[in-house]
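Note: hydrogens, waters and symmetry copies are ignored here, and every other heavy atom, side chains too, is used. In what follows, chains are A, B, ... by sequence order, proteins preceding strands, each numbered from 1.
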Amino acid sequence: MRQQYNDQKSENEGGKEASVDFIRTIVAEDISTNKWNGKVITRFPPEPNGFLHIGHAKSICLNFGIADENKGGRCHLRFDDTNPVTEEDRYVNSIQEDVRWLGWDWGEHLYYASDYFEQMYEYAVQLIENGFAYICDLDASQISEYRGTLKSPGKDSPYRNRSVEENVDLFRRMKEGAFEDGYCVLRAKIDMASPNMNLRDPVMYRILHTEHHRTGSKWSIYPTYDWAHGLEDSIESVTHSICTLEFENHRPLYDWYLDKLEIHHPQQIEFARLELTYTVMSKRKLLQLVDEGHVKGWDDPRIPTICGMRRRGYSPEAIREFCRRIGINKFNSTIDIALLEHCIRDNLNKTSNRVMAVLKPLKVIIDNYPEDEEEWMDAVNNPEDQSAGTRKVPFSKVLYIEQDDFMEDPPKKFYRLGPGREVRLRYAYFVTCTDVVKNDDGKIVELHCSYDPATQGGNAPDGRKVKSTLHWVSASHALRAEVRLYDHLFSKERPEVTAEGEDFRSNLNPKSLQVLSDCMVEPGLKDVRHLTRFQFERLGYFCVDTDTTGDRLIFNRTVTLRDTWAKIKKKGQEK
RNA sequence: UGGGGUAUAGUGUAAUGGUAGCACAAUAGAUUCUGGUUCUAUUUGUCCGGGUUCAAAUCCUGGUACCCCAGCCA
């Protein structure tokens, strides 16, 4: 289990200890009352039928976190593989990779529901023998019809009162593959009139002649989730079975099974799923986005899958911090994605090396700088971290600066370069714009500047100030790169809110991806490794995309820097 | 014949009968070789109505709103 990097409890202003979430409170109480002999065993139980997303990260950090914070605690990674129709090995692998990448370690405790199939079968036989379960020949639609509705009771299946002997025999034949798919099911005999629909004789086993990713063709019957899940937790001696809100209604059913079987009975605690603004979280919607090509795959940096976020440049630390900050509760809430962005900025500000990159290049010629000269300027790698050291950046007569950093007719609050203005080129010289060259369409194609040799390194010996500092690259030294700028995938805070007859896809942001292919970056970036994170000075945090090859550099923008100028500009436009 | 949950600034989240606090966001300012970071300040809140109490977000009571449940999905 990983070392906890900071204590759960933090200090309030008044010096009071901030309280922990309600689940940790329960766990702490259970420890103090010795309810489980001091043990804390949690689990993260994904079904291997899809990729993990930030919502899963919330659950992962909760379960592994609680185990980690308590002495002797442990958290199991268990694949809930009870439905072979949708499950695949590739998901098993990606889930393990993602959990590990997030920084958690399940040690020896990797489990599969399918490892318990034999035991579950025996438990089922036990229930049948005690008259608590029966084989039902009703088909799916009949079962549904007999179940009744939310406001009216169901009615008993005509097969409800089969003898124990007949039930045992039929169940055995189900297992042996004597019947085709859907011929009959095993149901718990509870109460068809229960106000809780889950208790109206739920299905425990269905016949499925389907190859299972681990057990192959050994089984022709598979347990349903509701039957299996509580057993899995029980078999593993889980103490705190933490799940999402929608399973609250199922708890009485799990209680019923465990009580009838008289086996270890974990405590189930429910919490609310994570929702985020400007994105969608459900497996179904994510799948739809991928399948219909709205995004380029499960690791598209625009979707909140763990692999997508990894590719986007998110760090595990930032995701963990985010999960810590959002808290745990029992009511649905939607977290402002700005909090996630704050967490990654905060983390990357402290950890990422700075580098100069020009996204939309504008050529600048320093007229009074010698033609053949080049100088290598000292640049600080990370002002927040002395140990990151410095590097050399080449300067020469022809440079590129950002198009956005020049305006021919600058408004009042624009501090950057303009005709006749002097600015600092970071780590290099003060330069003054002397001429603007335009093409036939009136577009600015080139700037001429003069530099002040006395300001070498970026400081004026006479102490004169300059209103802004620009980033730049030397044209002859720069490396060409492609940069992918990402914006929110949806243009609405809540993509699900749509006009009549439309769905969340109508809120897709057409500008969620902007590809710039003529970017110029400093030469030090020549042999960067995939997923290395940088701050491009004054622009944002970027990471090396996995499409990058030896001769093709590609960066993903993780998040912009906070941008006060953009706000001012926007406000000006709104007026 | 319905049942199970939940409501605190814009968004999250604390306060378990005793000053409604924190974070994000927003706004203003200071610092700055990143319009970044950092620092300071400011705005905004207990779903509604009654009641108990010296004192209620908290206890009682009556409403209201929202979420979940009728898969042989998980």
Side-chain angles (χ1 to χ4, degrees), chain A residues 10-14 16 18-21 45-47 49 80 82-83 85-86 136 138-140 143-145 147-154 181-182 184-187 193-200 202-208 221-222 224-226 228-229 243-252 270 272 277 283 325-343 345-346 349-350 354 356 380 383-384 413-416 424-428 430 457-459 465-471 493 535-540 560-568:
Chain A
S10 59
E11 296 271 309
N12 263 349
E13 198 175 340
K16 276 191 302 185
S19 72
V20 294
D21 61 73
E47 184 191 15
N49 73 342
D80 212 329
T82 57
N83 184 2
V85 179
T86 58
C136 181
L138 257 26
D139 67 29
I143 286 182
S144 167
E145 193 188 319
R147 186 147 32 222
T149 71
L150 258 19
K151 294 189 180 179
S152 63
D181 286 8
C184 59
V185 294
L186 179 70
R187 299 176 73 178
S194 171
N196 183 340
M197 300 294 283
N198 297 120
L199 263 24
R200 319 246 264 226
V203 172
M204 296 165 62
Y205 275 96
R206 71 279 214 189
I207 299 169
L208 236 39
I221 56 172
Y222 290 94
T224 58
Y225 175 87
D226 274 348
H229 197 83
C243 62
T244 44
L245 251 29
E246 69 270 26
F247 295 107
E248 208 150 20
N249 295 329
H250 298 236
R251 181 153 32 90
E270 306 87 7
T277 56
K283 233 179 225 181
R325 285 192 184 215
I326 57 179
I328 302 292
N329 234 319
K330 288 201 68 140
F331 45 91
N332 300 319
S333 56
T334 304
I335 311 286
D336 191 338
I337 200 159
L339 181 61
L340 216 209
E341 293 172 347
H342 172 263
C343 290
R345 281 193 190 107
D346 190 49
N349 175 50
K350 291 172 188 138
R354 318 277 123 138
M356 291 198 283
V380 174
E384 308 289 323
K413 288 184 176 165
F414 185 85
Y415 301 151
R416 284 108 97 144
R424 169 170 36 233
L425 294 181
R426 186 148 205 190
Y427 302 124
F430 284 15
N459 288 303
K465 300 281 186 222
V466 97
K467 279 203 116 167
S468 76
T469 300
L470 309 185
H471 61 278
E493 233 178 71
Q535 184 195 103
F536 287 180
E537 293 239 16
R538 304 207 305 131
L539 298 173
T560 61
L561 252 28
R562 275 187 65 202
D563 190 348
T564 313
W565 167 239
K567 267 183 214 163
I568 295 168

- request: Go through A:Asp563 and A:Lys567 one step at a time and tell me if the salt bridge (charged side-chain N to carboxylate O under 4.0 Å, His left out) criterion holds.
  value: CA-CA 7 Å; A:Asp563 190 348; A:Lys567 267 183 214 163; over 6 Å; no
- prompt: Contact class for A:Glu248 vs. all strands (heavy atom < 4.0 Å): base, sugar-phosphate, or nothing?
  reply: sugar-phosphate
query: Reading RNA chain B 5' to 3', what string of ( ), [ ], | and . shows its pairs, if Watson-Crick and G-U wobble pairs count only when both distances fall under 3.5 Å?
result: .((((((..((((....[..)))).(((((.......)))))....(((((..]....))))))))))).....
Atom pair distance, as rounded to whole Å: CD1 in A:Ile326 and C1' in B:rA14: 16 Å
- request: Give a yes or no on this: more than 12 heavy atoms of other residues, nucleotides or ligands lie within 6.0 Å of atom NZ of A:Lys330.
  value: yes
field: Note, A:His250 side chain near A:Asn196 side chain (heavy atom, < 4.5 Å)
entry: no
message: What is the distance, to the nearest angstrom, from the CG atom on A:Asp336 to the P atom on B:rA25?
response: 8 Å
field: B:rG71: syn or anti, per glycosidic angle within 90° of 0
entry: syn
message: Say we look at B:rU42 and B:rA23: how far apart would their P atoms be, to the nearest angstrom?
response: 13 Å
field: B:rU52 versus B:rG10 - spacing of their C1' atoms, nearest Å
entry: 35 Å
task: Whole angstrom is fine here: how far is it from CZ in A:Arg200 over to C1' in B:rG4?
output: 14 Å
message: Using a 4.0 Å heavy-atom cut-off, does A:Lys151 contact any base of the nucleic acid, only the sugar-phosphate backbone, or nothing at all?
response: base
Separation between the P atoms of B:rG50 and B:rG12, rounded to whole Å: 28 Å
query: Looking only at atom C1', what distance separates B:rA55 and B:rU44, rounded to whole Å?
result: 26 Å
query: Reading nucleotides 65-74 of chain B 5' to 3', which nucleotides get B (base under 4.0 Å from a protein heavy atom), which S (sugar-phosphate only), which -?
result: --SBBBSBSB
Mind listing the N/O atom pairs, protein and nucleotides 35-41 of chain B, below 3.5 Å?
{"unit_1": "B:rG35", "atom_1": "OP1", "unit_2": "A:Arg538", "atom_2": "NH1", "d": "2.6"}
{"unit_1": "B:rG35", "atom_1": "O3'", "unit_2": "A:Thr564", "atom_2": "OG1", "d": "3.3"}
{"unit_1": "B:rG35", "atom_1": "O2'", "unit_2": "A:Thr564", "atom_2": "N", "d": "3.3"}
{"unit_1": "B:rG35", "atom_1": "N7", "unit_2": "A:Arg416", "atom_2": "NH1", "d": "2.4"}
{"unit_1": "B:rG35", "atom_1": "O6", "unit_2": "A:Tyr415", "atom_2": "N", "d": "2.8"}
{"unit_1": "B:rG35", "atom_1": "N1", "unit_2": "A:Lys413", "atom_2": "O", "d": "2.7"}
{"unit_1": "B:rG35", "atom_1": "N2", "unit_2": "A:Lys413", "atom_2": "O", "d": "3.3"}
{"unit_1": "B:rG35", "atom_1": "N2", "unit_2": "A:Tyr415", "atom_2": "OH", "d": "3.4"}
{"unit_1": "B:rG36", "atom_1": "OP1", "unit_2": "A:Thr564", "atom_2": "OG1", "d": "2.6"}
{"unit_1": "B:rG36", "atom_1": "N2", "unit_2": "A:Glu384", "atom_2": "OE2", "d": "2.9"}
{"unit_1": "B:rU37", "atom_1": "O2'", "unit_2": "A:Asn349", "atom_2": "ND2", "d": "3.3"}
{"unit_1": "B:rU37", "atom_1": "O2'", "unit_2": "A:Glu384", "atom_2": "OE1", "d": "3.4"}
{"unit_1": "B:rU37", "atom_1": "O2'", "unit_2": "A:Glu384", "atom_2": "OE2", "d": "3.3"}

field: C1'-based separation of B:rA9 from B:rG3 [nearest Å]
entry: 34 Å
- line: Between A:Thr277 and A:Pro153, whichever has its closest RNA chain B nucleotide further toward 5' is A:Pro153
message: For a quick check of understanding: with a heavy-atom distance under 4.0 Å over all strands, which category does A:Thr334 fall into, base, sugar-phosphate or nothing?
response: sugar-phosphate
- request: First locate atom CD of A:Glu248, then atom CD of A:Glu270, and finally report the distance between them rounded to the nearest 0.5 Å.
  value: 4.0 Å
- request: Would you indicate, yes or no, if B:rA7 has its OP1 or OP2 atom less than 4.0 angstrom from a side-chain nitrogen or oxygen of A:Lys330?
  value: no
- prompt: Between A:His471 and B:rU34, is there a side-chain N or O to OP1/OP2 distance below 4.0 Å?
  reply: no
Euclidean distance, atom CG of residue A:Leu339 to atom P of B:rG12 [Å, nearest integer]: 11 Å
message: What contact category does A:Arg325 fall into here, base, sugar-phosphate, or nothing, at under 4.0 angstrom with non-hydrogen atoms?
response: sugar-phosphate
